[in-house]
Peer 1: 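Got a structure here, written out as structure tokens. Questions coming.
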Amino acid sequence: MKNGNMGISRIAFWLGIGALGLLMLLLMIQIDRQWTRMNDITRLMQEQAQDIRSTRGVLRNLEQTVRTARIDTSEVDGRSTDTADRTDAFERARLATQQANYAQGDWLILAFGSGLTTLTPLVSGDAYSSEVQQYVLESLLVRDPDTLEWSGLLAEDWQISDDGLTINFTLRRDISFSDGIAMTAKDVQFTFEFIMNEAIAAPRSRAYLSRIERVTALDNYHVEFVFKEPYFNSLQLAGGLTILPEHFYKRFLDEPRTFNESRGLLLGSGPYRLKDPENWTPDQGRVELERNPRYWGPVDGSFDRIVWRIIENDSARLTTFRNGDIDVYGARPREYQRLLDDPGISERSKHFEYMSPTAGYSFIAWNQQRGGKNSLFSDTRVRMAMSLLTDVERMLEEIFLGYGQPAVSPFMPGSSQHNPENQPFPRDMEKAKRLLAEAGFVDRNGDGILQAEDGTNFEFELTFFQDNDDTRRMVLFLRDLYARAGILMKPKPTEWSVMVEDLRQKNFDAITLGWTSGIEIDIYQMFHSSQSMENGDNFINYSNPELDATIDAARGEVDEEKRMKLWHKAERILVEDQPYTFLFRRNTLAFVDDRISNLEKTGLGLNLMSVPVEIYVPADRQRNR
């Protein structure tokens, strides 16, 4: 009888399990139906939004027709109106949406190799924060990635006066910030005045904009930039200004310290937004942007979300990519060929190897004053000797396996700014020792170390980012090179946030870093003596009156041929002075998840981070919702 009851209990148990499984199956079917229904609703809403945009486009065309008369009259004022050849900033993104497998959805998941200290515009100064901000903030103009010519983004039209001192922009009329407030010309005027307010910690931006006398909103949709003097890059300076919403940032004029010390005050008109535009903090360990549902542009960003994870260790970042948890991996030269041969990587990714025309350069910056006193590196002969001891060619071959090219100056090889007569220095130990002896550094006690006249050893610390294996290897290589010349270099591995603070306080002997570059760059920020003030980017206290005058003259010269001669002169001074030891420009060695479609190389490099967004994931390959 007992065994019989146990048998009935087991049957009841398994019947219960079966019923539970059936219920789970029905629940999953129901959830799947709900997802399908939600997707249908989302698609319907997107179609409606597209219809609304189309209507706006018609209205814009009508408005443009009405305004044509006013534009024509500007010719009477002597203003250029060569608008016929201007391209549409959304053309490439629009073509992407016409591809057969185009779909919206999924997440683009990326990784940063170090933590961010802040996302607040103007206060932040690193490339990582700029990468995030480009999806949130927008400028009046952008460069076409194919032609490199300017295209209208927030501005639909612009005119430059014959003397080059005045640029008038006509704004689009359907732009709103991500909180739904309409953008007008008053926001453009506010952005300029906010940056130029000395209470705001924006010396870098203020240095560039100082050439502008005023920015005036003529009405809601027309804004005028007036320059104090001619400036070769005036259109880029005005058109590249990212516009801040006055209603969001104005309150910080009354409490600038709150803004200057903030970590996540980021709101704009771009295709993506922070869910909470006021309270992002570094301790979140990631940055997550969601698609801006109020985006004004004719093409939405394709991804639902763009996420950056903070993974400081190189090996951990590769493992995360290998597991499919991030979409892009920037390979180090030593692992590049190995990863190409790795079926686990090659089967699920595309690889790209290229030197971007806007690739930045690496350098060692020699601090010339510390604590108000001249340093070892205030003497030009010492800096030159350090460059002659730095075997860049061998570093490139042995550490970076030839994936790069030596840098001579800040100017890109092949650009008009670079004078081919300036070539990288070959390593020259004997010449370096002669220069050091002339500067007073010789081995006075026979211990193999150079001493100054007062008997102190020639020793210094080289600060570098601690979590980059190649940089660590390079610094150890340099330590050995310098030691052969009797110089004691102490490697100082440092966290990124500490490095940023050291730069701000100029608290280092020497530091190795990199600058991003451009087609024609303005070196005022890094090398003009006026920029050695607190928070300025001349963080090595470098001063050369001849270079100051040359930079000033080049910036004010609108004749390209004459300006290039001035840049050549500036390059010669930098080569002779060696405020930095210019190291190299490195190739990009990127692996990108195979489900990311429409990747192309353009005149500006790979279009992976292009905004407006051109890449997408076909519907049948999406995996994140």
Side-chain angles (χ1 to χ4, degrees), residues 113-118 124-128 201 203-204 312 360-387 389-390 395 407 410 436 439 441 450 452 456-468 470-483 485 487-516 523 525-529 531-544 574 577-584:
S114 64
L116 289 79
T117 55
T118 178
S124 62
D126 58 279
Y128 288 164
R204 186 177 300 107
E312 296 188 347
Y361 58 94
S362 301
F363 58 85
I364 302 172
W366 308 108
N367 195 0
Q368 296 169 39
Q369 283 189 353
R370 194 164 179 186
K373 297 180 181 177
N374 285 343
S375 73
L376 284 170
F377 306 114
S378 61
D379 191 318
T380 306
R381 294 169 296 186
V382 174
R383 298 195 301 271
M384 178 61 78
M386 299 307 295
S387 294
L389 293 172
T390 304
M395 278 196 299
L436 290 169
F441 293 98
L450 301 183
T456 56
N457 287 339
F458 189 130
E459 61 180 70
F460 69 98
E461 291 180 332
L462 178 57
T463 302
F464 67 99
F465 178 50
Q466 64 181 11
D467 288 319
N468 187 298
D470 286 336
T471 303
R472 180 184 298 276
R473 197 172 289 115
M474 181 187 80
V475 169
L476 295 178
F477 178 84
L478 288 172
R479 182 188 61 183
D480 294 341
L481 279 184
Y482 297 155
I487 295 172
L488 296 175
M489 184 267 272
K490 298 179 179 177
K492 186 181 178 186
T494 309
E495 292 180 8
W496 178 248
S497 59
V498 177
M499 285 183 74
V500 172
E501 186 62 21
D502 284 348
L503 287 174
R504 194 183 70 79
Q505 297 185 6
K506 304 177 181 179
N507 181 32
F508 62 91
D509 295 326
I511 194 167
T512 183
L513 284 169
W515 282 116
T516 54
I523 58 175
Q525 172 190 350
M526 293 81 80
F527 298 112
H528 198 281
S529 61
Q531 299 308 300
S532 59
M533 77 292 215
E534 184 178 358
N535 289 325
D537 283 336
N538 182 354
F539 41 73
I540 55 172
N541 299 294
Y542 172 61
S543 176
N544 182 323
L574 289 172
D577 257 7
Q578 293 292 297
Y580 293 174
T581 291
F582 298 96
L583 297 177
F584 38 74

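We use all heavy atoms of the structure for the numbers below, so side chains are in, but hydrogens, waters and symmetry mates are not.
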Peer 1: To check you understand the geometry: which heavy-atom pair defines the closest contact between Ile540 and Ala365, and what is its length?
Peer 2: CG2-CB, 3.5 Å
Peer 1: Please check if the side chain of Arg479 supplies one atom and the backbone of Met489 the other of a donor-acceptor pair under 3.5 Å.
Peer 2: no
Peer 1: List the residues meeting side-chain hydrogen bond (donor to acceptor under 3.5 Å, both in side chains) with Ser387, not counting sequence neighbours, and say none if there are none.
Peer 2: Gln578, Thr581
Peer 1: Less than 4.5 Å apart, any side-chain heavy atom of Met526 and any of Pro579?
Peer 2: no
Peer 1: Drop me the distance from Glu459's CD to Ile487's CD1, to the nearest 0.5 angstrom.
Peer 2: 11.5 Å
Peer 1: What is the minimum heavy-atom distance between Arg370 and Lys506, and which atoms define it?
Peer 2: CG-O, 4.2 Å
Peer 1: How would you list, by chain and number, every residue that makes a side-chain hydrogen bond (donor to acceptor under 3.5 Å, both in side chains) with Arg473, sequence neighbours excluded?
Peer 2: Asp470
Peer 1: What pairs with Phe465 under ring pair (Phe, Tyr, Trp, His ring centres under 6.0 Å), at least two apart in sequence or on another chain?
Peer 2: none
Peer 1: Only counting residues at least two apart or in another chain, list the ones meeting side-chain hydrogen bond (donor to acceptor under 3.5 Å, both in side chains) with Tyr580.
Peer 2: Trp515
Peer 1: What's the spacing between Met474 CE and Thr512 OG1 if we round to 0.5 Å?
Peer 2: 3.5 Å
Peer 1: Under a 3.5 Å distance rule, please check whether Asn538 uses its side chain to pair with a backbone N or O of His528 as donor and acceptor.
Peer 2: yes
Peer 1: Once you round to the nearest 0.5 Å, how far does CG of Asp509 lie from OG1 of Thr463?
Peer 2: 7.0 Å
Peer 1: Measuring from Leu476:CG to Thr471:OG1, what's the distance to the nearest 0.5 Å?
Peer 2: 11.0 Å
Peer 1: Please give me the minimum heavy-atom distance between Arg204 and Ser124, naming the atom from each residue.
Peer 2: NH1-O, 3.8 Å
Peer 1: Quick one: ring pair (Phe, Tyr, Trp, His ring centres under 6.0 Å) partners of Tyr482, sequence neighbours excluded?
Peer 2: none
Peer 1: State, to 0.1 Å, how close Gly115 and Glu312 come at their nearest heavy-atom pair, and which atoms those are.
Peer 2: N-OE2, 3.4 Å
Peer 1: Considering only distance and modelled atom types, tabulate donor-acceptor pairs under 3.5 Å from the side chains of residues 496-503, sequence neighbours left out.
Peer 2:
unit_1: Glu501; atom_1: OE1; unit_2: Arg504; atom_2: NE; d: 3.3
unit_1: Glu501; atom_1: OE2; unit_2: Arg504; atom_2: NE; d: 3.2
unit_1: Glu501; atom_1: OE2; unit_2: Arg504; atom_2: NH2; d: 2.7
unit_1: Glu501; atom_1: OE2; unit_2: Gln505; atom_2: NE2; d: 2.7

Peer 1: Rounded to the nearest 0.5 Å, how far apart are CD1 of Ile511 and CG of Asn367?
Peer 2: 9.0 Å
Peer 1: Testing the basics here: between Phe527 and Pro410, what is the closest heavy-atom pair and its distance to 0.1 Å?
Peer 2: CE1-CG, 3.6 Å
Peer 1: Got a sec, which residues hit side-chain hydrogen bond (donor to acceptor under 3.5 Å, both in side chains) with Asp577, two or more places apart in sequence or on another chain?
Peer 2: Tyr542, Asn544
Peer 1: Would you call Phe508 and Glu461 a side-chain contact if the rule is heavy atoms closer than 4.5 Å?
Peer 2: no
Peer 1: Nearest 0.5 Å, please: how far is CE in Met386 from CG in Leu436?
Peer 2: 7.5 Å
Peer 1: Return the set of residues passing side chain to side chain contact (heavy atoms under 4.5 Å, CB included) with Asp379 (not counting sequence neighbours), or none when no residue passes.
Peer 2: Arg381, Val382, Ala439
Peer 1: What heavy-atom pair brings Tyr361 and Ala407 nearest, and what distance separates the two atoms?
Peer 2: CB-CB, 4.3 Å
Peer 1: Taking only residues two or more places apart in sequence, or in another chain, which ones meet Phe458 in a ring pair (Phe, Tyr, Trp, His ring centres under 6.0 Å)?
Peer 2: Phe441
